[in-house]
Protein chains: 2
Amino acid sequence: MKHIGLDLNQQVWVVQLASPQEAKIVLEQAIRQKRFIQILGENHVEYQGRARSVLTEGERLIILKRDGTLLVHKPSGVEPVNWQPSGATFKVAVKEGKLVLLVNRAKPRETVRITFTKILLIIASNLDDPGEFSMFLTEEEMQRVLSAHPELIENGLRIIRRERQVAPGFIDIYARDSEGRLVIVEIKCRRASREAVLQLQSYLKSLQKETDTHIRGILVAPSLTKGTLGLLEQLGLEFRKIEPQQCYKYIHQTATRRLTEFTENE
Amino acid sequence: MKHIGLDLNQQVWVVQLASPQEAKIVLEQAIRQKRFIQILGENHVEYQGRARSVLTEGERLIILKRDGTLLVHKPSGVEPVNWQPSGATFKVAVKEGKLVLLVNRAKPRETVRITFTKILLIIASNLDDPGEFSMFLTEEEMQRVLSAHPELIENGLRIIRRERQVAPGFIDIYARDSEGRLVIVEIKCRRASREAVLQLQSYLKSLQKETDTHIRGILVAPSLTKGTLGLLEQLGLEFRKIEPQQCYKYIHQTATRRLTEFTENE
DNA sequence: ATATGCATGTCGCAC
DNA sequence: GTGCGACGTGCATAT
């Protein structure tokens, strides 16, 4: 084992080419200390829980987070090949001369077992992340803007309420048009598909049954997939093209300074 | 810079406490060689593309994969706080004395910028992963089993075809019952919600319009969410409770030996 | 706790 | 390339 690279405050451990026994000791200590652990090595992975899977030998990066998150990352692909969401427990063992990592979760009952045939590198650090994350231009954001500025959808539209619950789910916007007719609006911040139409349709029907009057249904989206406009018309629904960009200028400008700088630079 | 821990074949580079300039050289080389790169450090992240986001200073793990995948992982949570799917391009720069990582994607046009205020550790390895991944007990698996053994759904059921396309999407199973009536089956391998019912309903209607005869609709699932059975009955559809476990014994037993061992051990 | 719908979803597959 | 649906989806939110 080459136990190398301890930094000034022992904040980062770097252990190279450990034997299974040595790795076990290091990992158990790191898990106890709730460190952020990375293991580079050759392994095979079995999973059983909501489904079952087998991954045969290969070199991957294993990540154990202090909240009980497991990630198994292949050399390519944005999604982990195996994982466990936060709250899992980690156990380390040496079986038949091999390092075995057992990850268990209670609800639903799930297990991931990782058996190492080679341990290239172990890193255990104390990551401190007080950073704050903010997102803009999501569907929620678009809803808020369009609720505040219904004229973007149609002149004379008056909001009755946002997010009204009906039997099959939620209506994004519930309003009355300039002629006093009820209007429900389904908002998508990206290209909308037939699925969105079915959603709007089922909301509309449910509400129609309740109120027993004609109701207009409007799908708001930047664009539609191929057959979707046809389906809309067939069902007597309407389409209003709105780009997320059109909403952007109405978003409350808190904490967006850096984002603006970023945009100017790129 | 402590350039340490090169293994025998220089398969793994470990660089600790690099200056921004040193880090730039190492990373550019590693990117050119399409290595699997991990960077531990303090940084802030801006994203602009389908949405926009800002993440203020904190310590995180950055992963650059050789297929152009970016991951930014906080010390907790299974999901990356920022990311880019495969196909992005990586650029490294030093701006105002800080290491800056620029990740660009063409379609949709997106950019992630990571600015490092501290670089704790850089690791660049040549992961070789020839492993094969197999999953069991998915919805597809369940479909295959139930197509091969329709008697699990109902006695006398004869499959006409699997995955028949109709206007709103795909029908999982299209069959005729013992009395010669048409039957369409929608299969869910988990608890089914109203959405599944709406799906089945829209398929059924579309097919009914086409054939102009009565058609039975059956929803197969291990269980239903609360109001779902009521909705089913209201629409004249049927429910058949089938557990994924019931299908398991019919799954073709290739490459499942290790999985079986695993199950026996846990 | 359960149900419901969004997501920078990602991914695979059919057309 | 686009459309469409599954996913061990994860996740927040509302009941």
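Please read all numbers here as calculations on a predicted model, not as lab measurements. What's counted below: heavy atoms across the whole structure, side chains too, no hydrogens, waters or symmetry copies.
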Any Gln48(A) side-chain nitrogen or oxygen under 4.0 Å from OP1 or OP2 of dG8(D) = no
Would you mind pulling out the nucleotide paired to dG8(D), Watson-Crick or G-U wobble, both distances under 3.5 Å?
-> none
Side-chain N or O of Trp83(A) closer than 4.0 Å to phosphate OP1/OP2 of dG10(D) = yes
Quick one: does Val92(A)'s side chain get under 4.5 Å of Leu102(A)'s, heavy atoms only?
-> no
Report yes or no: does Lys65(A) contribute a side-chain atom to a donor-acceptor pair with the main-chain N or O of Phe36(A) at less than 3.5 Å?
-> no
For salt bridge (charged side-chain N to carboxylate O under 4.0 Å, His left out), just list the numbers for Arg240(B) and Glu238(B), CA-CA rounded to whole Å, side-chain angles, deciding distance to a tenth of an Å, and then say yes or no.
-> CA-CA 7 Å; Arg240(B) 177 78 177 85; Glu238(B) 299 164 51; over 6 Å; no
Between dG5(D) (C1') and Leu198(A) (CG): distance, integer Å = 13 Å
Would you mind telling me which residue lines up with the more 5' stretch of DNA chain D, Phe133(B) or Gly227(A), judged by nearest nucleotide?
-> Gly227(A)
Can you figure out which of dG10(D), dG5(C), dG3(D) approaches the side chain of Thr225(A) most closely?
-> dG3(D)
Among the nucleotides dT2(D), dG8(D), dC11(C), whichever has the atom closest to the side chain of Met135(B) is dG8(D)
Nearest to the side chain of Arg191(A) - dT2(D), dG8(D), dG9(C)?
-> dT2(D)
Atom NZ of Lys226(A) to atom P of dG1(D): distance rounded to whole Å?
-> 16 Å
Just how far, in rounded Å, is C1' of dC11(D) from CD of Glu79(A)?
-> 14 Å
Arg50(B) side-chain N/O to dG9(C) phosphate OP1/OP2 under 4.0 Å = yes
DNA chain D nearest-nucleotide lookup for Ser86(A) and Ala51(A): closer to the 5′ end is Ala51(A)
Expressed as a whole number of Å, how far does the C1' atom of dC11(C) sit from that of dA7(C)?
-> 14 Å
For Gln201(A), does the CD atom have more than 12 heavy-atom neighbours from other residues, nucleotides or ligands under 6.0 Å away?
-> yes
Determine: side-chain N/O of Lys74(A) to OP1/OP2 of dC11(C), distance under 4.0 Å, yes or no.
-> no
Considering just the side-chain nitrogens and oxygens of Lys188(A), establish if one lies under 4.0 Å of OP1 or OP2 belonging to dC6(C).
-> yes
To the side chain of Glu195(A), which of dG3(D), dG8(D), dG5(D) is closest?
-> dG5(D)
From the options dG8(D), dG3(D), dC11(D), select the nucleotide whose nearest atom is closest to the side chain of Val78(B).
-> dC11(D)
Residue Cys189(A), side-chain heavy atoms: nucleotide from dA7(C), dG8(D), dC6(C) that is nearest = dA7(C)
side-chain contact (heavy atoms from CB on, under 4.5 Å), paired with Ile187(B), selected from Ile242(B), Ile218(B), Val220(B), Leu219(B) = Val220(B)
Starting from C1' on dG3(D), measure out to CG on Leu231(A) and report it in whole angstrom.
-> 14 Å
May I have the distance from Gln199(A) (atom CD) to dC4(D) (atom P), rounded to whole angstrom?
-> 15 Å
Where the side chain of Arg190(B) is concerned, which of dG10(D), dT9(D), dC11(C) is the nearest nucleotide?
-> dT9(D)
Expressed in whole Å, how much space separates the C1' atoms belonging to dC11(D) and dC7(D)?
-> 14 Å
Considering only atom C1', compute the distance from dA6(D) to dG10(D) and round it to an integer number of Å.
-> 15 Å
